[in-house]
Amino acid sequence: MEKNIVLIGFMGCGKTSVGKRLSMKLKREFIDTDDFIEKREGMSISEIFAQKGEEYFRNLETELCKRFETPKSKIIATGGGIIKNPKNVECLKKGGTIVYLKSTPKQIALNLRYDNSRPLLQCENKEKKIAELMEERNPLYKSCADVTIDVSNIDIDATLDKIFYILKMSVEK
Ligand code: S3P
């Protein structure tokens, strides 16, 4: 089995879209941690936060990360807060190569302008909240990343090209 490719980064940076495309190109299984948790709980992330609380959600994330401790050739798109718990990072690093999709508050606010599905961004000034959270989390993303790709000015195809180039993977176009 090959190492997993684990996509990390702030909400709305494109982890899920990039992950799905990577999985198709590489013919590897794709897992989105938020999606997995929603299916398991039978509730949306917003409902989980509202009814059971953030801590409950974070515990589910940690439980799920334990499954990724061993290389299983998967493509994994993670929730933006997964790096907050060092235990999660440890598991993800053991089994995979961590690819950080880095963006800017401005670009994230633009990507999420019509999106109300993120409980942590339910506020008046979304861009300000994004900037605050990003400042807090950037050091964490940076410190656990094996590879960092600035996606603030590039589309999905260019992101994939960079990932393949940096990870030295050759794929049919
Ligand atoms: C969160 C990011 C979300 C989701 C939850 C919390 C965060 O995932 O896990 O709303 O703390 O950054 P995405 O990064 O896929 O939006």
Side-chain angles (χ1 to χ4, degrees), residues 4-23 29-68 74-93 96 98-145 147-152 154 156 159-160 163:
N4 304 316
I5 297 177
V6 182
L7 301 170
I8 63 164
F10 204 83
M11 295 173 254
C13 70
K15 291 162 291 182
T16 303
S17 315
V18 169
K20 282 184 180 162
R21 288 280 300 279
L22 267 180
S23 113
E29 190 192 341
F30 173 67
I31 294 181
D32 180 281
T33 59
D34 285 339
D35 218 43
F36 186 96
I37 289 172
E38 287 185 329
K39 289 204 177 90
R40 189 198 122 142
E41 294 294 295
M43 274 192 252
S44 69
I45 300 290
S46 294
E47 286 167 337
I48 300 174
F49 268 65
Q51 293 175 30
K52 304 200 165 178
E54 181 173 351
E55 196 183 334
Y56 179 86
F57 171 76
R58 298 297 174 198
N59 288 336
L60 293 177
E61 279 189 320
T62 300
E63 219 176 279
L64 182 53
C65 282
K66 288 185 192 145
R67 296 185 182 209
F68 305 137
K74 293 185 198 300
I75 309 294
I76 304 166
T78 59
I82 213 145
I83 40 75
K84 292 201 328 171
N85 185 336
K87 277 192 212 156
N88 299 350
V89 173
E90 198 182 310
C91 291
L92 295 171
K93 270 189 104 61
I98 313 256
V99 178
Y100 170 29
L101 304 184
K102 185 173 189 283
S103 191
T104 59
K106 202 170 175 191
Q107 186 60 48
I108 297 288
L110 193 67
N111 295 350
L112 296 180
R113 66 196 179 283
Y114 303 122
D115 185 298
N116 287 316
S117 68
R118 270 67 172 199
L120 297 179
L121 299 179
Q122 300 304 316
C123 57
E124 280 283 306
N125 190 340
K126 237 191 213 180
E127 191 170 335
K128 185 165 170 266
K129 179 76 186 174
I130 292 169
E132 284 166 7
L133 274 177
M134 214 186 255
E135 190 164 322
E136 193 182 300
R137 290 179 178 181
N138 265 346
L140 298 174
Y141 291 129
K142 268 191 211 155
S143 73
C144 69
V147 169
T148 298
I149 295 176
D150 183 347
V151 296
S152 54
I154 60 172
I156 294 185
T159 304
L160 291 184
I163 293 177

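Fair warning: this is a prediction, and the values are worked out from it, not measured in the lab. Ligands are counted one by one from 1 in listed order, and the atoms in each one are counted from 1 as well.
- A salt bridge links Lys84 and Glu54; the closest N-O separation between the charged side-chain nitrogens and carboxylate oxygens is under 4.0 Å.
- Note that NZ of Lys52 and CD of Glu41 are 5.0 Å apart. Values are rounded to the nearest 0.5 Å.
- With contacts defined as side-chain heavy-atom distances shorter than 4.5 Å, the pair Thr148/Lys142 does not qualify.
- Tyr100 and Tyr141 have parallel rings, their planes meeting at less than 30° on a 0 to 90° scale where 60° marks the start of perpendicular.
- Taken from SG in Cys13 to CD1 in Ile108, the straight-line distance is 5.5 Å, to the nearest 0.5 Å.
- Using a 4.0 Å heavy-atom criterion, the residues that approach ligand 1 are Met11, Lys15, Asp34, Ile45, Phe57, Arg58, Gly79, Gly80, Gly81, Arg118, Pro119, Leu120, Arg137.
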After noting the C-alpha distance and the side-chain angles of Asn111 and Gln107, does the key distance pass the side chain to side chain donor-acceptor pair (under 3.5 Å) rule? CA-CA 6 Å; Asn111 295 350; Gln107 186 60 48; 2.9 Å; yes
